[in-house]
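Read the numbers this way: they start at 1 and go in the same order the structure lists the ligands and their atoms. The first residue in the sequence is number 1, and the count goes up from there.
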Amino acid sequence: MKEKVAIQGLKGSFHQEAAEKYFGTDIEIVECLTFQQLVKAVSEGAADKGIMAIENSVAGSLLPNYSLLRDSDLQIEGEIFLRISQHLIALPEQSINNIREIQSHPMAIAQCDKFLHSLHDVRIVSTDDTALSARLISENKLKGVAAIASEKAAKIYGLKPIAKSIENNPNNYTRFVVIGKTQPAEISEVANKASIAFALQHKVGSLQKALSAFSRYGVNLTLLQSLPQVGSPWEYYFHADLVFRHRDDFELAISALKQNTSYLKTFGIYKEANINRNQNEN
Ligand SMILES: O=C(O)C(=O)C[C@]1(C(=O)O)C=C[C@@H](O)C=C1
């Protein structure tokens, strides 16, 4: 039986591309319109695994996804980077001069805001997904409307690119995490990266002490993201990604960190992906 992989969005979305790059094309895609539905699909067994965008090199982090992971029992078992090339796509007879409305996922809109600011009299509309925007234009034959989406979405939904590679910077990458209910044993043998969240007491130097636990054991911090603790104004969760050489170094750093934290959760220990060569190709 094919592995069921939940994605946020429809076929033709960047999540589908990431899922196929990580698992190969012989999978069953479970389309979820929201990230909440994606977490539910994996938690309740409607899908075996999920692929979730977590940060983008131009537009920044998808902040609500950190909280979704923190509140779930799911494990991160891998990651994948995808080069994101955004195109403005519309019905075949349209040109940029006809366009009065542009629809897309908010992260895609943020990645292209320089291009969008250069346009006049165009309404920008946020939708759930790049591919959904393309499908709606195609199904409803919407003239004067374009979507920001991939070349693949243009092909699937019979649309034409009217402006190509409109992202602010060509170094536009999205990092996706691979989530599941349990951590596969074979992954922990090759693991050199972990995603954690911690909270600290409001004391002078507590963040500095926490960070020094990492440097003491040669653990490299590749991400530090603070998020509000809802219900405790001005208190924060710190989400961190850590890269280590030996599992023992990570364990020692975590033991040292624990001495100062009021909350600590490990989301998963997995193999770091290379931005050009992804995990399964290593
Ligand atoms: O709308 C899509 O195609 C998605 O897969 C979503 C998403 C995101 O959530 O960041 C994924 C990658 C791109 O950075 C833009 C949008």
Colleague: Has ligand 1 got any nitrogen or oxygen that is less than 3.5 angstrom from a nitrogen or oxygen of Gln86?
Modeller: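 Among all N and O atoms of Gln86, none is under 3.5 Å from an N or O of ligand 1.
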Colleague: Closest heavy-atom contact between Leu63 and Leu227?
Modeller: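 Looks like O-CD2, 3.7 Å.
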Colleague: Could you check whether any side-chain N or O of Gln75 sits under 3.5 Å from a backbone N or O of Ile179, counting only pairs where one atom can act as donor and the other as acceptor?
Modeller: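 Here the side-chain-to-backbone pair does not exist.
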Colleague: Does ligand 1 have a heavy atom under 4.0 Å from the side chain of Ile7, from its backbone, from both, or from neither?
Modeller: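 It is neither part, as no heavy atom is under 4.0 Å.
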Colleague: Would you indicate which of Thr127, Thr174, Ile51 comes nearest to atom 13 (C) of ligand 1 when only heavy atoms are counted?
Modeller: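 Selected option, by shortest heavy-atom distance: Thr174.
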Colleague: Step through it carefully: locate the ring centre of Tyr237, locate the ring centre of Tyr263, and say whether they are under 6.0 Å apart.
Modeller: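 They qualify: ring centres under 6.0 Å apart.
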Colleague: Determine whether Val178 and Ile84 fall in the same hydrophobic cluster, where Ile, Leu, Val, Met, Phe, Trp and Tyr are linked whenever their side-chain heavy atoms lie under 4.5 Å apart.
Modeller: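 Shared cluster, yes.
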Colleague: Does the N or O separation between Thr130 and ligand 1 drop below 3.5 Å for any pair?
Modeller: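 Min N/O separation from ligand 1 is below 3.5 Å for Thr130.
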Colleague: If Ile, Leu, Val, Met, Phe, Trp and Tyr residues are connected whenever their side-chain heavy atoms lie under 4.5 Å apart, and connections chain through other members, are Leu69 and Ile196 in the same group?
Modeller: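 No, no single cluster joins them.
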Colleague: Is there a heavy atom of Gln111 sitting under 4.0 angstrom from any atom of ligand 1?
Modeller: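 Yes, Gln111 has a heavy atom closer than 4.0 Å to ligand 1.
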Colleague: Classify the contact between Ala53 and ligand 1 as side chain, backbone, both or neither, using a heavy-atom distance cut-off of under 4.0 Å.
Modeller: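 Under 4.0 Å from ligand 1, Ala53 contributes side-chain atoms alone.
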Colleague: Under 3.5 Å, is there a donor-acceptor pair linking the side chains of Ser195 and Tyr270?
Modeller: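 Looking only at side-chain atoms, Tyr270 and Ser195 do form a donor-acceptor pair, the distance falling under 3.5 Å.
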Colleague: I need the atoms of ligand 1 closer than 4.0 Å to a non-hydrogen atom of Ser13, numbered in the order shown.
Modeller: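 Here the atoms of ligand 1 in question are 2 (C), 3 (O), 5 (O).
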Colleague: For ligand 1, which part of His105 has a heavy atom less than 4.0 Å away: the side chain, the backbone, both, or neither?
Modeller: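 Side chain only.
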Colleague: What atoms of ligand 1 come closer than 4.0 angstrom to any heavy atom of Leu62?
Modeller: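 In order of number, 9 (O), 10 (O).
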Colleague: Return a yes/no value for Ala108: is any of its N or O atoms, backbone included, closer than 3.5 angstrom to an N or O of ligand 1?
Modeller: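 By distance alone, the answer is no.
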Colleague: Test of understanding: clusters of I, L, V, M, F, W, Y form through side-chain heavy atoms closer than 4.5 Å, transitively. Do Leu264 and Leu207 belong to the same one?
Modeller: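 Yes: a chain of side-chain contacts under 4.5 Å links Leu264 to Leu207.
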Colleague: Give the residue and atom name of whichever protein heavy atom lies nearest to atom 5 (O) of ligand 1, and the separation in Å to one decimal.
Modeller: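 Checked against all protein heavy atoms, atom 5 (O) of ligand 1 sits closest to His15 ND1, 2.7 Å.
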Colleague: Any heavy-atom pair between the side chains of Val122 and Ile124 that's under 4.5 Å?
Modeller: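 They are in side-chain contact.
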Colleague: Could you see which bit of Phe35 sits under 4.0 Å from ligand 1, with heavy atoms only: side chain, backbone, both or neither?
Modeller: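 Near ligand 1, Phe35 shows its side chain, while the N, CA, C and O stay back.
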